[in-house]
A.B. asks: 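A single structure is presented below for examination.
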Amino acid sequence: MADRGVDVSALPKEVRDQLAELDLELSEGDITQKGYEKKRTKLLAPYFIHSPVEPPPQNDVQPPAPSSSSNHAPPPSSSSRYRERRSRRTHRGGGTRDDRYRSDIHTEAVQAALAKHKEEKMALPMPTKRRSTYVQSPIQARTPPDSSSGSEDETSARRQSAVVAPPPSANSNLQSPDSWINRSVQGSSTSSSASSTLSHGEAKPQPQSQAQPQPQYKPHRGQSRSSMMETADGVPVSSRVSTKIQQLLNTLKRPKRPPLSEFFTDDSEEIVEVPQPDPNTPKPEGRQIIPVKGEPLGVVSNWPPALQAALARWGATQGKSPALTALDITGRVLYTLTYGKLWSRSVKLAYTLLNKLGTKNEQILKPGDRVALVYPNSDPGMFWVSFYGCLLAEVIPVPIEVPLSRKDAGISQVGFLLGSCGVGLALTSEICLKGLPKTPTGEILQFKGWPRLKWVVTDSKYLTKPSKDWQPHIPTANTDPAYIEYKASKDSTVVGVAVSKVAMLTHCQALTQACNYCEGETLVNVLDFKKDMGLWHGVLTAVMNRIHTISVPYAVMKACPLSWVQRVHIHKARIALVKCRDLHWAMMAHRDQRDTSLASLRMLIVADGANPWSVSSCDAFLNVFQSHGLKPEVICPCATSPEAMTVAIRRPGVLGTPLPARAILSMGGLSHGVIRVNTEDKNSALTVQDVGHVMPGALMCIVKPDGPPQLCKTDEIGEIIINSRAGGTMYYNLPGVTKNTFEVIPVNANGVPIGEIPFVRSGLLGFVGPGSLIFVVGKIEGLLMVSGRRHNADDLVATALAVEPVKTVYRGRIAVFSVTVFYDERVVIVAEQRPDASEEDSFQWMSRVLQAIDSIHQVGLYCLALVPANTLPKTPLGGIHISDTKQFFLDGNLHPCNILMCPHTCVTNLPKPRQKQPGPASVMVGNLVAGKRIAQAAGRDLGMIEDQDLVRKHQYLTEALNTLYSVTASCVQLHKRAEKIAAALTEKGSINTGENVVLLYPPGIDLIAAFYGCLYAGCVPVNVRPPHPQNLAATLPTVRMIIDVSKAACILTTQNLMRTLRSKEAAASVNIKTWPMIIDTDDLPRRRPPQIYKPPTAEMIAYLDFSVSTTGMLTGVKISHAAVSALCRSVKLQCELYSSRQIAICLDPYCGLGFVLWCLASVYSGHQSILIPPFELESCSSLWLSTLSQYRIRDTFCSYSVMELCIKGLGTQTDLLKARGVNLSCVRSCVVIAEERPRLALTHSFSKLFKDVGLSSRAVSTAFGSRVNLAICLQGTTGPDPCTVYVDMKSLRHDRLRLVERGAPQSLPLMESGKILPGVRVIIVNPETRGPLGDSHLGEIWVNSPHNASGYYTIYGEESLQADHFNTKLSFGDPQTLWARTGYLGFVKRTELLEASGDRHDALFVVGSLDETLELRGLRYHPTDIETSVSRAHRSIAESAVFTWTNLLVVVSELCGSEQDALDLVPLITNVVLEEHHLIVGVVVIVDPGVIPINSRGEKQRMHLRDSFLADQLDPIYVAYNM
């Protein structure tokens, strides 16, 4: 380090001050480690002692003591331990910052808790992170080593207490109140802690090269997918992802602490586990508490009638007596304000405010108006003058913090305060006004949420001296408000607590009596003088008693932490007003001052002495400064709140009186709200000190913190409430909340009020100990209620900081809060990470914090996030703004650099997994027996087909009408081209009748000609999407697989594609030597085949339709000539496709209904089709819509991917389209062709977006087909509009259907999938029992139609599967009809709409594919529902996909924003899936846009994605493994 060879104590004082300031900057995160070292080296450079050989410094490396010897070593004294720590800390350069969490014992408790986990050797999977996401870390390896040992915590001497093993049983620990009080100064002895080890191990996998995962040829719907997943689908389990998932599963095998109850109910009120009362829970057993009375408030004859009168008296009689001394930034005296000056300036200001602000006739301020006081902490003098000037003018001051920018934490809430108080005027100093943020024109910025303010400068030179006959009016103190103190509540709202004139005066009198203030004493004040103790003691009571106040601002403390101790020494001060922080900072710097004396102090008031951890700071400070004259009895902790003001304060002790009390409490008991002495294990103890007795003239009770204000029992923790004349009177202008806080009437156990006098809630949690001593254990606003148990945020911070914090996080920059997720509060910890902390160190620290908090507090953390240094929102005095931090977390604006979610650990109220009951579903059968109509529907009759017509349609195209295509090919031309191809097949290819021929063409006329050429030659065409030339590795193997599975004898293609198939690039992916014969159809000779083939029967196969399903299965189905004819006729009837019609088709022509419309329908019906290949839209988004407008097309067909391209490409260009003359009012029907549930949000967005160019909202509809029947529904041109229903998502998970109203919670809108085609019958069937279901019941859709496919084309000959899917019968009802199973869940609902025939319309609703559903916790989930929720979670989520792997839910989300948003998405995704679907996400994967594979129909290929993820081929931005 820089100070080797330098004796720091021998350095000049200014250098030592600069070093101390640097240490503080580093500890607060205001400077980086690198900057710190650079500045420090520069400071010490002139003082180096250069020696030839430099031995390593003793304290720089501290080897951990072996655990065996640590048991025998005597514990070192506290002061020697402190010196040891101090020297280590100086060398390390990381000054610790926060005072509140210091305790030797607690650190040992944490180490002991972690030691328990040491044996388990649990390997937690470390998140995977792309390097660009986390630039700070120098460590290149992403995976942790096999094990890592934590060194002994270097700053271990911290907290005077600790934390819980299982809660002690209630009866054994109940003792007399005196037994849980220990009256010695030290709570208990300390012993050194052994170092503990935790394994984060993971074997580093060997890198494996993986090919792109391929679809499998398995047309199995019958088998369950779970078995398939557990074998990893051929992905090697040695891959890094699989290893991490296995580690995650190992960590999740540990049983959860709360047992799961054994039931599930379908109602949202009862959806979660109802916590059963634990018989071992400690319960309060004492008697009902009796209100505690403070001593009577004495009446002193010369007490003034009002505070202003006291100032007037001292101003007149003791004008030269010093009132206030202010220090500059270096700690030197800046100025001293005498009582005479204070009085005269206050009078001048009062006169100016009342008489000189407006014109002569107009008075801007009247008595009773509110004015804001805006002064920096470095200028107490101006504040004093303004405050007393306002009191003399009888206007009400509202002190607030100086706004620094529009983005200040909580700035708009301060605006709410000013607005609710009706503030229109702000007083400030000239210097402060110059420093306020301004607009370019020089005006003061209008802050967010603030009312318009008039700014008045109060410097003396701007004030007017009053005329001799003008005197301020000083009435006797009454109940009118004297001033308003701001208070930020837990939910970040800022309210104003009004303090009346009589309350202000009475409070000063009570403090004078309690603290025994005497005239002329000197008081050193380190607190904020604008509010709370700093204002009450240092400004108000000080003036009442003519005390000389020395104000030490926060900035001085940062530069010179010892300044307040020096001021006590120099001025022989009798009272000092400090926080634990100031004690801690003074200890850090105390060795620089050997001659300071604190012997003059009779009272050291510790303002945050009510904090449970303050006892440690007080003890440590006493240890260090007792040798400097500090007496133990002068330390006086107190408890305060803005509403009740001073609740209790320890009276200054007299030498020889017994020392103050200590309570050593069980933290387990505290979490249940009861007081139990901790006897079993010191690690589960919390040591608290008393805060003295109730204030003079006050009456105090303890009531239950929630529900009616019922009095607590003597051994119960509750909220302290106070009745006193010396407290706040109301929240200004907020009568509703005022009543709940300032007008509380306590009730007894029977609910009967104990009296009529109102009490004020203090917001402090505590109890009354022996001798009426008050103990405070926390604040309501820091209370986290998790699963019915109370946890104090400060306690959790303390535990986190006892886990080797210095290497990883800044001590003072840590926030703990709770968020409501899934019916309970969940604990979140956010800390600022040091820039030099490696990723591995951070992850290790986080996992150890999890274990420590789990062991000690018996509560699971939901989320632990580390953010870069200096990024958390700050309060004006440098602390963390908790509510803003929480809001950032919930909004996804926290931008963490490391995050660990643990939902599996802490979410224990999930409903019990559903057990499926074997046997028939009696509820459904019962419905049918009761006379419900069967859920079936049919299209209109197809009508009789003449034989000649059927034969002609199969054989002849020469007589077809002139059918126009996009390259204007008439049927004659098409016929001739088909003949040439047929001739080539028979001559070149020697293809026999019935053999399969693969067609490999881009969308266009060549494809259609090749299809009919195959029919002419009597062979069976197999249409295959050509491989993508830029992505052969991914697309060519699928082509190869279809060719192999179909046993193709020949490939027809273009010259370009033939070259691609035989290229070197293709050879890298497949074996190009084994292609079947390839025929190039670009330049064929003019030949005619000897004859055109006539199939002997219409049942012969016309073509094979191959498609890869979304589950990654490749299935080919056989389509017969009869089915082709029936389907074309059905579509013609439904859509009224006559020869005069024009339709536009923007679809991929490779499978399903897209192929039928592209190649078959127009030849059958004779209408003109305009064919638009979808890939053309990528270069010209408006091509499709412009074509519709130009040709005045009435009917068009597209896919979801085409709609998405239009929305993304033209979303902001509708005005441009209008200007070009695009008009879509001609479009009567725009049908989306799909094999999935209608995407309602997408179709609505499309309709809404293009409404401006004339598109009718009724035009857009959907179609539905499946593998067994390519077209089941198609909206068509007649019949009612598609209807929408709302179903309960919870019921869908149970395979049930419950229709609800629009807007109901958990409702899911479903749109009808188009009208059922002519000749088609559908029925809804229970997939297990195969029995028909009733109307509006969920089941599998079965279809019967002349255009059903004939069966699977399979090389395995699986007849059983064929029969099951294509020729299956109902188990009862109508056992004769043969049905095909679509594999889709849906329902039929009879609507009020009428068909053309006059019958009521039966609507078919598709819910989702059975194969795609995820079975988790015994319930059935549809991926699209979870994905919809995930996509709504954050603006940066472009697309998402979900799948399961070994019962873990994996969510993959594409990030469209900055990479720094990646980690923000993890908690939001986890939250939304838990809230809306009651599922815990196992793995969250954040990837780049475009990573989720999507097929030509716009459907996500989730199984491909899963295989790519498991093979570690996604290159994710971030992978989080939720614990």
Side-chain angles (χ1 to χ4, degrees), residues 264-272 820-823 910-911 914 923 935 1200 1234 1236-1248 1257 1260-1262 1264 1280-1314 1324 1333-1339 1341 1384-1393 1401-1410 1412-1414 1416-1417 1419-1434 1437 1440 1442 1449 1451 1468-1469 1471-1479 1481:
F264 177 86
T265 352
D266 210 18
D267 295 307
S268 57
E269 294 78 23
E270 298 169 345
I271 195 131
V272 294
T820 306
V821 182
F822 195 60
Y823 307 101
L910 285 174
R914 183 177 72 147
V923 59
Y1200 285 122
E1236 60 177 302
R1237 178 203 298 176
R1239 299 191 203 171
L1240 203 55
L1242 183 60
T1243 54
H1244 276 181
S1245 300
F1246 183 80
S1247 304
K1248 202 171 172 183
S1257 60
V1260 180
S1261 61
T1262 60
F1264 172 62
D1281 289 342
C1283 55
T1284 302
V1285 295
Y1286 293 84
V1287 301
D1288 179 36
M1289 268 169 57
K1290 297 196 300 294
S1291 65
L1292 282 185
R1293 294 174 205 149
H1294 289 260
D1295 292 335
R1296 295 191 211 120
L1297 191 74
R1298 186 161 74 192
L1299 297 176
V1300 292
E1301 293 300 314
R1302 178 180 180 173
Q1306 296 264 324
S1307 62
L1308 172 73
L1310 290 177
M1311 186 167 80
E1312 180 187 354
S1313 296
I1324 307 299
L1333 296 176
D1335 189 82
S1336 299
H1337 272 74
L1338 185 69
I1341 302 168
Y1384 283 82
L1385 288 172
F1387 59 95
V1388 166
K1389 182 180 187 301
R1390 177 154 281 187
T1391 66
E1392 298 302 315
L1393 304 171
H1401 168 62
D1402 292 320
L1404 175 67
F1405 294 88
V1406 177
V1407 174
S1409 161
L1410 260 170
E1412 277 212 328
T1413 56
L1414 312 173
L1416 290 161
R1417 301 177 55 77
L1419 303 171
R1420 193 192 302 281
Y1421 290 87
H1422 294 272
T1424 179
D1425 296 332
I1426 300 175
E1427 288 158 2
T1428 303
S1429 297
V1430 168
S1431 296
R1432 282 200 315 265
H1434 193 272
I1437 298 176
S1440 58
V1442 301
L1449 179 64
V1451 177
L1468 297 182
I1469 289 170
N1471 290 358
V1472 77
V1473 175
L1474 188 54
E1475 286 277 13
E1476 296 185 10
H1477 303 280
H1478 309 158
L1479 287 176
V1481 178

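What's counted below: heavy atoms across the whole structure, side chains too, no hydrogens, waters or symmetry copies. Count residues from 1 along the sequence. Because the structure is a prediction, the values reported are computed rather than measured.
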A.B. asks: Indicate yes or no: at least one non-hydrogen side-chain atom of Y1200 is less than 4.5 angstrom from one of T1243.
C.D. replies: yes
A.B. asks: For S1409, give me all partners under side-chain contact (heavy atoms from CB on, under 4.5 Å), at least two apart in sequence or on another chain.
C.D. replies: Y1384, D1411, E1412
A.B. asks: Walk me through whether V1388 and L1333 qualify under side chain to side chain contact (heavy atoms under 4.5 Å, CB included).
C.D. replies: CA-CA 10 Å; V1388 166; L1333 296 176; over 6 Å; no
A.B. asks: With rounding to the nearest 0.5 angstrom, report the CG to CG distance, L910 to L1479.
C.D. replies: 8.0 Å
A.B. asks: I need the R1298 CZ to S1307 OG distance, nearest 0.5 Å.
C.D. replies: 11.5 Å
A.B. asks: Using the ring pair (Phe, Tyr, Trp, His ring centres under 6.0 Å) criterion, which residues pair with F1405? Sequence neighbours excluded.
C.D. replies: F1387
A.B. asks: If I take atom CD1 from residue I1341 and atom CZ from residue F1264, how far apart are they, to the nearest 0.5 angstrom?
C.D. replies: 4.5 Å
A.B. asks: How many angstroms lie between atom CD1 of I1469 and atom CD1 of I1426, to the nearest 0.5 angstrom?
C.D. replies: 12.5 Å
A.B. asks: Taking the side chain as every heavy atom from C-beta outward, state whether R1296 and L1338 have any pair of such atoms under 4.5 Å apart.
C.D. replies: no
A.B. asks: Got E1312 and T1391 here, is their nearest side-chain heavy-atom distance under 4.5 Å?
C.D. replies: no
A.B. asks: Of all heavy-atom pairs between D1288 and S1291, which one has the smallest distance, and what is that distance?
C.D. replies: O-OG, 2.6 Å
A.B. asks: Taking side-chain contact (heavy atoms from CB on, under 4.5 Å) as the test, write out the residues that go with L1308, two or more places apart.
C.D. replies: R1237, V1287, M1289, L1292, L1310, D1425
A.B. asks: Looking at residues at least two apart in the chain, or sitting in another chain, which of them share a side-chain contact (heavy atoms from CB on, under 4.5 Å) with S1257?
C.D. replies: none
A.B. asks: Among residues at least two apart in sequence or on other chains, which ones pass side-chain contact (heavy atoms from CB on, under 4.5 Å) with S1429?
C.D. replies: R1432, V1472, E1476, H1477
A.B. asks: Taking all non-hydrogen atoms of both residues into account, name the closest pair between I1437 and S1431 and its distance.
C.D. replies: CG2-CA, 4.0 Å
A.B. asks: Do the non-hydrogen side-chain atoms of T1284 and M1311 ever get within less than 4.5 Å of each other?
C.D. replies: yes
A.B. asks: To the nearest 0.5 Å, how far apart are NE2 in H1422 and CG in L1410?
C.D. replies: 8.0 Å
A.B. asks: Measure across P1423 and T1413 and return the closest heavy-atom pair with its distance rounded to 0.1 Å.
C.D. replies: CD-CA, 4.3 Å
A.B. asks: Could you state the interatomic distance from NE2 (H1294) to CG (L1419), rounded to the nearest 0.5 Å?
C.D. replies: 5.0 Å
A.B. asks: Sequence neighbours left out, what passes side chain to side chain donor-acceptor pair (under 3.5 Å) with E1427? Give chain and number order.
C.D. replies: K1500, R1502
A.B. asks: Hey, are the side chains of Y1286 and E1301 touching, using non-hydrogen atoms and a 4.5 Å cut-off?
C.D. replies: no
